[in-house]
Asks: 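Below you will find the structure I want to go over with you.
When a ligand or atom number is given, it counts from 1 through the structure's own listing order. Note that the structure is predicted; figures quoted are calculated from it, not measured.
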Amino acid sequence: MSTSSTENHEPECSADASGRTGLSAWRALHSHAEAMRGVTLQKLFDADPERCGALALETPGLYADFAKNRINGETLELLFDLAEQCGLRQKIAAMFEGQKINVSEDRAVLHTALRAPREARILVDGVNVVPEVHQVLDKMAAFATNLRNGQWTGHTGQRIRNVINVGIGGSDLGPRMACQALRAFSDRGLRLEFVSNVDGAEFTEATRDMDPAQTLFIISSKSWHTLETLTNAATAREWILSGLGGDNSAIARHFVAVSTNTHGVTEFGIDPENMFGFWDWVGGRYSIDSAVGLSLMVAIGPENFTEMLGGFHDVDEHFRTAPLGRNIPVIMGLVSVWYNNFLGAASQAILPYSHYLAHFPAYLQQLEMESNGKHVTGSGEQVDQQTGQVIWGEPGTNGQHAFYQLLHQGTKLVPCDFIAVIEPLSDLGHQHDLLAANVFAQAEGLAFGRTAAQLREAGSPKDQIPHRICKGNQPSTTLLLDRLDPRSLGTLIALYEHKVFTEGVIWDVDSFDQWGVELGKLLAGTIAEELTADEVPSMDHDASTAELVRRYRSGRGRGSTG
Ligand SMILES: O=P(O)(O)OC[C@H]1O[C@](O)(CO)[C@@H](O)[C@@H]1O
């Protein structure tokens, strides 16, 4: 197995002593990785009966089992050395202090302030931001309460029964994931829908059979410039107006906005009174605790939302204060770097054994891949090692009948995060026991596999034995929650936020910008004009793209030859 340079996209510059690969801890980890190649999980367990206790950590409501990872004490020590040499502890402090660690945008990164207690003091440019945070939370709580108890009615005086969050990326994935995760805590009299895609199919399906008189839209966009959201918002306005007799005053009762852009919101026609603000120091993918969580607060109520913030805050404190060796998100991040940069893992699977967490892998895709998919360091130099994790996954047990075959018998190293829950949320406790049996069984099976000797003993036909062998040694971490509730969801999300932060520090990237997303937006603007122009446009594309545009125009009955 090769090490940090396994992918097709090699950095343009070679590793030099000023980059991460020049650090003594980096070089030591390389040598250690060589030594660990033949060391299987079976050997690691056989060698150390204390391993499980030594490699498990707890935080309220959650047990993190790292034992089934291809690491030993030395691996961890070297990873902690690397963290020290990369200044992880100083960078954690800098984030919590509100220093402008989002260097390419010259912004502070303070999602942790969103869940700070009322009495906390966190300064950005000399101003304590905590009172503002709580002002917005209070305004959200008043609105959510009025909507839930029927005091906020629609234009015709009818009670609101449907709430549709319109937003994309960070303005969609968090509340969408959490509304599903916390359905058991939701007001079942309210129907929550999410519309993100510019594909009109999503809007059409979400609003099918809905009564506009009973429907409220939350238009959520940090920038208020996002094509998908503004397009869907305009469609929503048309839908409300045509459903309610074209009276513009209906907008005030059927639209609220979540944004940092008061001007854009006002221009759209939403009263700034009905706008819930946030700040440029909240990144989109870190915004679920801000006003972006409004749809979630409407669904679960302000008290549950506050509980969730408590879970986040507990982990913030843990991340900020626990020594590296006891710090769960630090270890999650470092173990992830170990596989990515030293053992050549191609991707990382997120496998929640809870149907309520069905959207959690998609949420983590943005969190991880938009944060750490970067090719330059904070100071704009080409990185000298692989950055970013490819994240994917599905809830168990469904995934077992789809892609686990590759995990058990394929040739790829795919570290897995299993997320399991002890207490069932439904009355079907016996099914929950089966679910739990499966998650523990999968982690065990992936780690230790099934040998030829075991198969022979079980009476497998001789010619089938090679096909049936599972080599094992596929590593995993298991996060075991006492129960899935607002607090533990906060805990879980915050662990991953800080895991991603840890990785970003090791890779020396700005985890809080996302310039790469801009290119697609720019090109789509040009192509949208070409697709819809009356006259055949003159195009400046590569031959492949130009042909696709021509064929599309032709298929839509528009001129395609010039
Ligand atoms: O909330 P906005 O400004 O509409 O942006 C939505 C999303 O678009 C991005 O800027 C790029 O995809 C994300 O970072 C962000 O979460």
Asks: Under 3.5 Å between any N/O of Ser223 and any N/O of ligand 1: does that happen in this structure?
Replies: yes
Asks: When rounded to the nearest 0.5 angstrom, what is the spacing between CZ in Arg89 and NZ in Lys91?
Replies: 13.5 Å
Asks: Have a look at Leu173, Val517, Thr226 and point out the one with the heavy atom closest to atom 5 (O) of ligand 1.
Replies: Thr226
Asks: Is it true that a side-chain atom of Ser104 and a backbone atom of Asp513 form a donor plus acceptor pair closer than 3.5 Å?
Replies: no
Asks: How far is atom 14 (O) of ligand 1 from the closest protein heavy atom, and which atom is that?
Replies: Glu370 OE1, 2.7 Å
Asks: Side chains of Asp485 and Ser488: do they bring a donor and an acceptor to under 3.5 Å?
Replies: yes
Asks: Do Lys139 and Phe276 meet the cation-pi criteria used here (NZ or CZ under 6.0 Å from the six-membered ring centre, within 45° of the axis)?
Replies: yes
Asks: List ligand 1 atoms under 4.0 Å from Gln514, heavy atoms only on the residue side.
Replies: 14 (O)
Asks: Would Gly170 count as being in polar contact with ligand 1, using the rule that some N or O on each side must be under 3.5 angstrom apart?
Replies: yes
Asks: Establish, from distance only, whether the side-chain atoms of Asn372 and Ser511 form a donor-acceptor pair under 3.5 Å.
Replies: yes
Asks: Report yes or no: do Trp279 and Thr260 form a side-chain donor-acceptor pair below 3.5 Å?
Replies: no
Asks: Between Trp224 (side chain only) and Asn261 (backbone N and O only), is there a donor and an acceptor less than 3.5 Å apart?
Replies: no
Asks: At a 4.0 Å threshold, what atoms of ligand 1 neighbour a non-hydrogen atom of Ile168?
Replies: 6 (C), 7 (C)
Asks: To check your reading of the model: name the closest protein heavy atom to atom 10 (O) of ligand 1, its residue, and the distance in Å.
Replies: Lys521 NZ, 4.0 Å
Asks: For ligand 1, find out whether one of its N or O atoms is nearer than 3.5 Å to an N or O atom of Lys222.
Replies: yes
Asks: Hey, does Gln366 sit under 4.0 Å from ligand 1 if you only count heavy atoms?
Replies: yes
